[in-house]
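Below, all heavy atoms of this structure are taken into account, side chains as well, without hydrogens, waters or symmetry copies.
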Amino acid sequence: MLEWNVIRIEFAPADLAGLRFAHSPMVEVVASGFALSQPQRHWMHSAWRARVRPRLAGVDTFLALLRGPTCYVPDFLTPVPDIARPSLDDELRTIAGTPLDRVAAEVAAGWAGHRAPPEITRFETDPAGALAELIAQVRRYFRLAIAPIWPRLRATAEGEITHRALAAAEHGPRALLAGLHPKLRWDGSALLLGYAKRQDWAHDGSPLALMPAAFAGPMVYATTGTPSGRALWYPPRGYADLWSAGGHLAEPPAALAALLGPTRAAVLTLLAVPCSTGEVAEALRLAPATASHHLTTLRDAGLVVGQRTGRRLRYLRTGLGEQLAS
């Protein structure tokens, strides 16, 4: 796994046909580990860090894998999923099936040339036992650090994926790549990232998975040349609202409030992150019937759209709603 310091990866127009989106629990888990250990880069996660750090006993092996002195993190931890919405169990089964020689080699790469702690050297002497312990620790870490906010993480990613699909339907497939990240753009033949270090990645024929992850923000990460394919992790729209001190209750712009009315403007502003009727009612202290009325009005005006995930219906802004809210 490489932090994305490259500026060019070959990606021709024909490759758009193989482009897909997915939201991965393990990507959120690993990216949250970066947020835990790199506060200077992930400053917006400070409240989350303060809340979870006292709970994180018994996950030393997992955290050690993310903090190797070579800055390499094993790719087997984040297999590119073959479905859009894998569960943690789905991904842990894939991790458990990783060939043990690959597990040992990738763990060793993170500590090459340095003295490794016992929980790392165990992957060389007892890779099966070390992998089983790692999987147990990931489950514990997810339960303590991720599970309390998982519904919001998933909803934010769902909103991003739906937004991209709507944009592609309205403006063509190139809209899938438009505005993914301030430093990322597509010139028609390659993905370009505006970092100073120059390095080119040739297209290897494998499809690229775009994987929104709220814990990635504000960074962009890439996995390339792995057995499960290539992936780009990036922060989804509205991710910052998950971590702001005041929750996701941004004040609506005055012009928007004048146009729609203050309550309806507040609802549209709130939907930077997908919300159900009940979540809108709770966040804005409205009666559920009132929240439903405003959502229906915004939907009929083409500003929001409903998206069903399981039994829950959440609303998110359409392209027109995005333009109006901004």
Side-chain angles (χ1 to χ4, degrees), residues 1-6 9 19-38 41-42 45 59 61-68 70-100 102-110 120 123 127 130-142 145-147 150 153-154 156-157 160-161 180-181 201 204 206-217 219-236 239:
M1 182 183 304
L2 300 171
E3 181 181 315
W4 189 280
N5 57 8
V6 304
I9 181 168
L19 195 67
R20 59 193 179 88
F21 286 83
H23 183 230
S24 161
M26 280 305 302
V27 166
E28 295 283 17
V29 163
V30 171
S32 74
F34 297 157
L36 200 64
S37 60
Q38 300 171 5
R41 289 183 172 180
H42 297 267
H45 301 101
V59 294
T61 298
F62 168 66
L63 294 179
L65 290 183
L66 306 185
R67 298 171 179 171
T70 69
C71 299
Y72 173 80
V73 176
D75 285 312
F76 75 82
L77 281 175
T78 52
V80 180
D82 53 11
I83 58 176
R85 298 164 184 82
S87 67
L88 180 66
D89 286 342
D90 292 333
E91 296 193 309
L92 289 181
R93 279 192 292 269
T94 299
I95 292 171
T98 307
L100 294 178
R102 180 189 166 198
V103 170
E106 290 190 0
V107 171
I120 296 298
F123 282 92
L131 183 59
E133 174 61 23
L134 171 63
I135 289 172
Q137 289 191 17
V138 168
R139 288 189 185 279
R140 175 176 174 79
Y141 178 90
F142 186 90
I146 306 297
W150 176 250
L153 296 177
R154 181 70 102 184
T156 302
E160 166 69 15
I161 294 169
L180 278 178
H181 191 271
W201 291 88
D204 62 3
S206 60
L208 178 67
L210 297 176
M211 304 180 71
F215 273 106
M219 307 300 293
V220 183
Y221 300 93
T223 58
T224 60
T226 67
S228 55
R230 304 180 302 162
L232 184 70
W233 311 355
Y234 70 97
Y239 77 96

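Taking each heavy atom of E28 and A214 in turn, the nearest pair found is OE2-N, 3.1 Å. In terms of heavy-atom proximity, F123 sits nearest to A104 at O-CB, 3.6 Å. Smallest separation of non-hydrogen atoms from V27 and A213: CG1-CB, 3.7 Å. Between S32 and I146, the shortest heavy-atom distance links the atoms OG-CD1, 3.6 Å.
Using a 4.5 Å cut-off on side-chain heavy atoms (C-beta onward), L63 and L36 make contact. Here the side chains of F76 and V107 are in contact, with some heavy-atom distance below 4.5 Å. Contact check for E160 versus H23: no side-chain heavy atoms found under the 4.5 Å cut-off. Counting heavy atoms from C-beta on, the side chains of R102 and D75 come closer than 4.5 Å. Using a 4.5 Å cut-off on side-chain heavy atoms (C-beta onward), V73 and T78 make no contact. Using a 4.5 Å heavy-atom cutoff, the side chains of P79 and I95 are in contact. Side chains of R139 and D89 form a contact here, defined as non-hydrogen atoms less than 4.5 Å apart. Under the 4.5 Å side-chain criterion, counting only non-hydrogen atoms from C-beta, W233 is not in contact with S24.
Contacts of T156 classified as side-chain contact (heavy atoms from CB on, under 4.5 Å), with partners at least two apart in sequence or in another chain: P236, L242, V273. With sequence neighbours excluded, the residues satisfying side-chain contact (heavy atoms from CB on, under 4.5 Å) with P127 are L100.
The line from CG of L88 to CH2 of W150 is 8.0 Å long, rounded to the nearest 0.5 Å. To the nearest 0.5 angstrom, L77 atom CG is 12.5 Å from T94 atom OG1. With rounding to the nearest 0.5 Å, the separation of CD1 in I83 from CG in D90 is 5.0 Å. Considering CZ of F62 and CZ of R140, their distance stands at 13.0 Å, rounded to 0.5 Å. Taking CZ of R93 as the reference point, atom OG of S87 lies at 6.0 Å (rounded to 0.5 Å).
With E91 contributing its side chain and M26 its backbone, the two residues share a donor-acceptor pair below 3.5 Å.
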| said: V30 vs L65, test: side chain to side chain contact (heavy atoms under 4.5 Å, CB included). Steps then yes/no. | reply: CA-CA 10 Å; V30 171; L65 290 183; over 6 Å; no
